[in-house]
Amino acid sequence: MNFKNKVHGIVERIPKGKVSTYGQVARLAGNPKAARAVGAVMKNNPDSKRIPCHRVVSSKGEMTGYTAEGGVKTKKEKLLLEGVVFNGDIVELSRSQISG
DNA sequence: CAATTGACGTAGT
DNA sequence: CACTACGCCAATT
């Protein structure tokens with residue numbers, strides 16, 4: 001099982017209306033320090049229909065990257081539609097992060 | 001194969 | 001809280 005393959009399964013597990021962090025995914029993937037690598041895997045994003053990469057944010061709840069359509073702008077909109085709680089331009093991890 | 005890059009995270013000031 | 005510095009991993013060139 002490759003790292004990216006693990007990440008795929010984990011990101012798929014992210015429920016609607018909730019978000020996870022790169023560090024969280026990296027940790028579940030088995031590499032607590034591979035947060036950065038998670039971003040690389042997201043960028044690869046082989047199945048955008050199956051992998052809700054937009055539900056992954058930074059440890060502070062700030063949205064970064066999202067090379068897909070619209071960029072971070074659409075990313076915020078999507079999370080907002082899903083019911084994710086926002087605090088200005090930052091996600092309330094205390095209320096929307098998994099296991100929180 | 002070696003060097004560089006990048007959707008990150010933590011610690012110190 | 002804002003900024004700087006360092007470490008880490010995987011993908012790309």
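Letters A, B, ... are given to chains in the order of the sequence lines, protein chains preceding strands, and every chain is numbered from 1.
Distances shorter than 4.0 Å separate none of the side-chain N or O atoms of A:Thr21 from OP1 or OP2 on B:dC8.
Between the NZ atom of A:Lys78 and the CG atom of A:Leu81 there is a distance of 9.5 Å, given to the nearest 0.5 Å. The OH atom of A:Tyr66 sits 15.0 Å away from the NZ atom of A:Lys43 when rounded to the nearest 0.5 Å. Distance check, rounded to the nearest 0.5 Å: CZ of A:Phe86 to CG of A:Leu79 gives 4.5 Å.
In this structure, the nucleotide among B:dT10, C:dA11, B:dA7 sitting nearest to the side chain of A:Ala40 is C:dA11. Considering only side-chain atoms of A:Thr64, the nucleotide from B:dC8, B:dT10, C:dA11 that sits closest is B:dC8.
Between the side chain of A:Tyr66 and the base of B:dA7, no donor-acceptor pair of N or O atoms lies under 3.5 Å.
For A:Arg55 and B:dA7, the CZ to C1' distance is 17 Å, given to the nearest whole Å. Taking atom NZ on A:Lys4 and atom P on B:dG6, their separation rounds to 20 Å, with Å as the unit. Straight-line distance from the NZ atom of A:Lys43 to the C1' atom of B:dC8: 15 Å, rounded to whole Å. At whole-Å resolution of the value, CE in A:Met63 and C1' in B:dC8 are 16 Å apart. Between the NZ atom of A:Lys75 and the C1' atom of B:dA7 there is a distance of 6 Å, given to the nearest Å. Whole-Å rounding puts the A:Ile10 CD1 to C:dA10 P distance at 13 Å. For the pair A:Gln24 CD and B:dG9 P, the interatomic distance rounds to 11 Å; values are reported in whole Å.
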**Request:** For the pair A:Val57 and A:Lys75, evaluate side-chain contact (heavy atoms from CB on, under 4.5 Å) and give the outcome as yes or no after the intermediate values.
**Result:** CA-CA 10 Å; A:Val57 299; A:Lys75 181 167 179 178; 4.2 Å; yes
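For A:Glu82, the salt bridge (Lys or Arg N to Asp or Glu O under 4.0 Å) partners at least two apart in sequence or on another chain are A:Arg55. Remark: A:Glu62 engages no residue in a side-chain hydrogen bond (donor to acceptor under 3.5 Å, both in side chains) (not counting sequence neighbours).
Within the structure, every pair that satisfies the side-chain hydrogen bond (donor to acceptor under 3.5 Å, both in side chains) test and touches residues 88-100 of chain A, not counting sequence neighbours, is listed here: A:Lys76-A:Asp89, A:Asn87-A:Glu92.
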Would you list the protein and nucleotides 11-13 of chain B atom pairs, both N or O, that sit under 3.5 Å from each other?
none

Could I get a table of every N or O pair under 3.5 Å where one atom is in the protein and the other is in nucleotides 3-9 of chain C?
from	atom 1	to	atom 2	distance (Å)
C:dG7	O6	A:Arg36	NH1	3.1

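A:Val72 and A:Val56 fall into different hydrophobic clusters, where Ile, Leu, Val, Met, Phe, Trp and Tyr side chains are chained together by heavy-atom contacts under 4.5 Å.
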Which pairs would a plain distance check flag for residues 12-34 of chain A, meaning a side-chain donor or acceptor within less than 3.5 Å of a matching protein atom at least two apart in sequence or in another chain?
from	atom 1	to	atom 2	distance (Å)
A:Glu12	OE1	A:Arg50	NE	3.3
A:Glu12	OE2	A:Arg50	NE	3.2
A:Thr21	OG1	A:Gln24	N	3.0

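Counting any heavy atom pair closer than 4.0 Å across all strands shown, A:Ser58 reaches sugar-phosphate atoms only and no base atom.
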